[in-house]
Amino acid sequence: MTKRLVFLSKIINQEFGKFIMVGVLNTVINYGVFILLFIAFNLIYFIAGAIGFLSGSVSGFFLNRLWTFKSKIPIARGFLKYFFIQLFCLGAHITTQISVTKILGVPEIYSQLAGIMLTTFLNFFIS
């Protein structure tokens, strides 16, 4: 391989590793906020789920922007695109939570995990 390809490969692998770490952290934040609101504050599961989702989304935007990719795109422009993608994914997340609970009988406490799994794939493919 040429030096450029080796350099590019190292950058991609480093970014991908950071991206995975940020994703894991965001999942922990998302589910942690959901559990706190659902159990400690007795909030309706899909409202707690939406707040958890948004908590992970906001942290993900800033961590990926500043640490993973070190983006130079103006924050307002980048956030606007990200916001619309997250708005769509939030709708899918809430729909998934309600569907798996009401139709499949999944306990409310686990509905957040189903929403996280779906929106992880949606975020990846839409972004």
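Note that these values count all heavy atoms, side chains included, but never hydrogens, waters or copies made by symmetry. These numbers come from a predicted model, not from an experiment.
- Cluster annotation: Ile44 and Ile39 are assigned to the same hydrophobic cluster (Ile/Leu/Val/Met/Phe/Trp/Tyr, side-chain heavy-atom contacts under 4.5 Å, transitive).
- Partners of Thr95 by side-chain contact (heavy atoms from CB on, under 4.5 Å), not counting sequence neighbours, listed by chain and number: Ser99.
- Taken to the nearest 0.5 Å, the CG atom of Leu118 stands 9.5 Å off from the CG atom of Asn123.
- By the rule that hydrophobic residues join a cluster once side-chain heavy atoms approach within less than 4.5 Å of another member, Phe34 and Val58 end up as members of separate clusters.
- Not counting sequence neighbours, Thr119 has no partner by the side chain to side chain donor-acceptor pair (under 3.5 Å) test.
- Contact between Val106 and Ser111 at its shortest, heavy atoms only, is CG1-N, 4.2 Å.
- Residue pairs meeting the ring-ring contact (aromatic ring centres under 6.0 Å, His included) criterion with at least one partner in residues 85-116, sequence neighbours excluded, are Phe53-His93.
- Not counting sequence neighbours, the partners of Leu43 by the side-chain contact (heavy atoms from CB on, under 4.5 Å) test are Leu37, Ile47, Ala48, Ile51.
- Contact record, Gly78 with Ile73: N-CG2, 4.0 Å, taken as the closest heavy-atom pair.
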- From CA spacing to verdict: side-chain contact (heavy atoms from CB on, under 4.5 Å), Phe62, Ile75: CA-CA 9 Å; Phe62 288 105; Ile75 197 163; 3.4 Å; yes

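- Hydrophobic cluster membership is shared by Leu63 and Ile116, with clusters built from Ile, Leu, Val, Met, Phe, Trp and Tyr side chains linked at under 4.5 angstrom.
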Would you mind writing out the side-chain donor-acceptor pairs for residues 21-31 within the sub-3.5 Å range, not counting sequence neighbours?
unit_1, atom_1, unit_2, atom_2, d
Asn26, OD1, Ser59, OG, 2.6
Asn26, OD1, Gly60, N, 3.4
Asn26, ND2, Val22, O, 3.2
Thr27, OG1, Gly23, O, 2.9
Asn30, OD1, Gln112, NE2, 2.3
Tyr31, OH, Ile109, O, 2.7

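- Phe19 pairs by the side-chain contact (heavy atoms from CB on, under 4.5 Å) definition with Asn64, Thr68, Phe69, not counting sequence neighbours.
- Residue pairs that meet the side chain to side chain donor-acceptor pair (under 3.5 Å) test with at least one member in residues 42-57, sequence neighbours left out, are Ser57-Gln86.
- Linking Ile, Leu, Val, Met, Phe, Trp and Tyr residues whenever their side-chain heavy atoms come within less than 4.5 Å leaves Phe46 and Leu87 in two separate clusters.
- Side-chain heavy atoms closer than 4.5 Å link hydrophobic residues (I, L, V, M, F, W, Y) into clusters, and following such links, even through other members, never connects Ile98 to Leu122.
- Applying the ring pair (Phe, Tyr, Trp, His ring centres under 6.0 Å) rule to Phe61 yields the partners Phe79, Tyr82; only residues at least two apart in sequence or on another chain are considered.
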